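Just below is one structure, and these are the notes that go with it.
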Amino acid sequence: MDRDELRKRLTPIQWHVTQEKGTERPFSGEYWNTKDKGEYDCLVCGQKLFVSGSKFDSGCGWPSFDRGEAGTIKENDDRSHGMIRTEVVCSKCSAHLGHVFDDGPTSTGQRYCINSASIKFRKDANL
């Protein structure tokens, strides 16, 4: 899909987050408090990124996961805004998803802090 078509398909916040590496305000996204079973896919290309079993409440206001699906997330150094962080993007289309931190409460030690505007939830009671 070319950028003009993508811009028409996405809302302004979805475009800002996925294409301009923006961030939605905490506690404002659609999925920060979702408890249903299912999977979270890349909003841009549809690749499966996370499953509900890896989601936890970190209290930060964004959907948080302790791991992504194997091979679906790429990490990049992010030195913007005077901070050193690790950006996470979709490995298939490079859409910006959010950041990963080494302060997660599970055995992985990871907290993937993901913008709701970058993902789409598909409910699946079998997960």
Side-chain angles (χ1 to χ4, degrees):
M1 177 178 297
D2 74 16
R3 290 184 66 78
D4 289 335
E5 290 176 19
L6 185 60
R7 190 177 198 92
K8 289 176 187 172
R9 182 169 66 86
L10 301 179
T11 67
I13 187 66
Q14 291 168 339
W15 176 266
H16 177 62
V17 168
T18 64
Q19 305 304 301
E20 298 173 333
K21 301 183 183 210
T23 302
E24 62 197 6
R25 289 185 346 263
F27 304 101
S28 69
E30 184 176 359
Y31 305 121
W32 76 270
N33 201 29
T34 298
K35 308 276 193 250
D36 294 328
K37 292 182 178 182
E39 67 181 50
Y40 295 84
D41 302 335
C42 176
L43 181 75
V44 174
C45 71
Q47 175 171 242
K48 180 178 175 181
L49 301 170
F50 303 97
V51 294
S52 56
S54 66
K55 190 173 190 287
F56 65 94
D57 182 4
S58 68
C60 70
W62 290 277
S64 297
F65 304 87
D66 69 356
R67 67 190 163 280
E69 292 295 286
T72 65
I73 308 244
K74 182 180 172 196
E75 297 182 1
N76 299 318
D77 287 339
D78 179 357
R79 297 180 181 271
S80 63
H81 308 291
M83 297 179 273
I84 299 173
R85 302 179 290 176
T86 302
E87 174 196 25
V88 290
V89 299
C90 174
S91 66
K92 186 174 178 182
C93 71
S94 298
H96 173 77
L97 305 172
H99 293 85
V100 63
F101 302 94
D102 292 325
D103 62 1
T106 70
S107 62
T108 69
Q110 302 291 293
R111 175 174 56 97
Y112 287 84
C113 188
I114 304 299
N115 290 283
S116 291
S118 68
I119 54 178
K120 181 71 178 168
F121 179 69
R122 287 193 302 132
K123 195 172 185 174
D124 183 348
N126 294 321
L127 288 179

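What you see is a predicted model; the values in this text were computed from it and never measured.
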Next on the checklist: Evaluate Asp41 against Gln47 for side chain to side chain donor-acceptor pair (under 3.5 Å), listing each step before the verdict.
Outcome noted: CA-CA 5 Å; Asp41 302 335; Gln47 175 171 242; over 6 Å; no
Next on the checklist: Let's go through Trp62 and Asn115 carefully: what are the C-alpha distance in whole Å and the side-chain angles of both, what is the deciding distance for side chain to side chain contact (heavy atoms under 4.5 Å, CB included) to 0.1 Å, and is it a yes or a no?
Outcome noted: CA-CA 6 Å; Trp62 290 277; Asn115 290 283; 3.7 Å; yes
Item to check | Worked verdict on Val89 versus Lys21 for side chain to side chain contact (heavy atoms under 4.5 Å, CB included) | outcome: CA-CA 9 Å; Val89 299; Lys21 301 183 183 210; 5.6 Å; no
Checklist entry - What's the verdict on side chain to side chain contact (heavy atoms under 4.5 Å, CB included) for Val51 and Glu69, showing C-alpha distance, side-chain angles and the deciding distance? => result CA-CA 8 Å; Val51 294; Glu69 292 295 286; 3.8 Å; yes
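Here NZ of Lys123 is found 4.0 Å from CG of Asp36. Values are rounded to the nearest 0.5 Å. Between atom NZ of residue Lys55 and atom CH2 of residue Trp32 there is a gap of 8.5 Å, rounded to the nearest 0.5 Å. Once rounded to the nearest 0.5 Å, the distance linking CD of Glu24 with CD of Gln14 reads 9.5 Å. In this structure, the separation between CG on Leu97 and CD on Glu75 is 11.0 Å, given to the nearest 0.5 Å. Distance check, rounded to the nearest 0.5 Å: CD1 of Ile13 to NE2 of His16 gives 5.5 Å. Distance check, rounded to the nearest 0.5 Å: OG of Ser94 to CD of Gln19 gives 9.5 Å.
Between the side chain of Thr18 and the backbone N or O of Ser118, no donor-acceptor pair lies under 3.5 Å. Ser91 places a side-chain N or O within donor-acceptor distance of the main-chain N or O of Gly71, the cut-off being under 3.5 Å. Looking at Arg85, its side chain never comes within 3.5 Å of a backbone N or O of Phe101 through a donor-acceptor pair. Between the side chain of Tyr31 and the backbone N or O of Phe121 there is at least one donor-acceptor pair closer than 3.5 Å.
Residues Ile84 and Arg79 share a closest heavy-atom pair of CD1-NH1, 3.3 Å.
When side chains are defined from C-beta on, Pro26 does not count as touching Cys60, because their heavy atoms never get closer than 4.5 Å. Between Thr34 and Tyr40 the shortest side-chain heavy-atom distance falls below 4.5 Å. Within the 4.5 Å cutoff, the side chain of Ser58 has no heavy atoms near those of the Cys113 side chain. At a threshold of 4.5 Å between non-hydrogen side-chain atoms, the residues His96 and Val17 count as touching. In this structure the side chain of Asp102 reaches within 4.5 angstrom of the side chain of Gln110, judged on heavy atoms. Between Phe50 and Ile73 the shortest side-chain heavy-atom distance falls below 4.5 Å. Contact of the Ser54 side chain with the Asp66 side chain is registered, since non-hydrogen atoms from C-beta on lie closer than 4.5 Å. Here the side chains of Trp15 and Lys8 are not in contact, with every heavy-atom distance at 4.5 Å or above.
For Phe56, there are no ring pair (Phe, Tyr, Trp, His ring centres under 6.0 Å) partners two or more places apart in sequence or in a different chain.
Looking only at atom types and distance, the side chain of Asp78 has a donor-acceptor partner in the side chain of Ser80 under 3.5 Å away.
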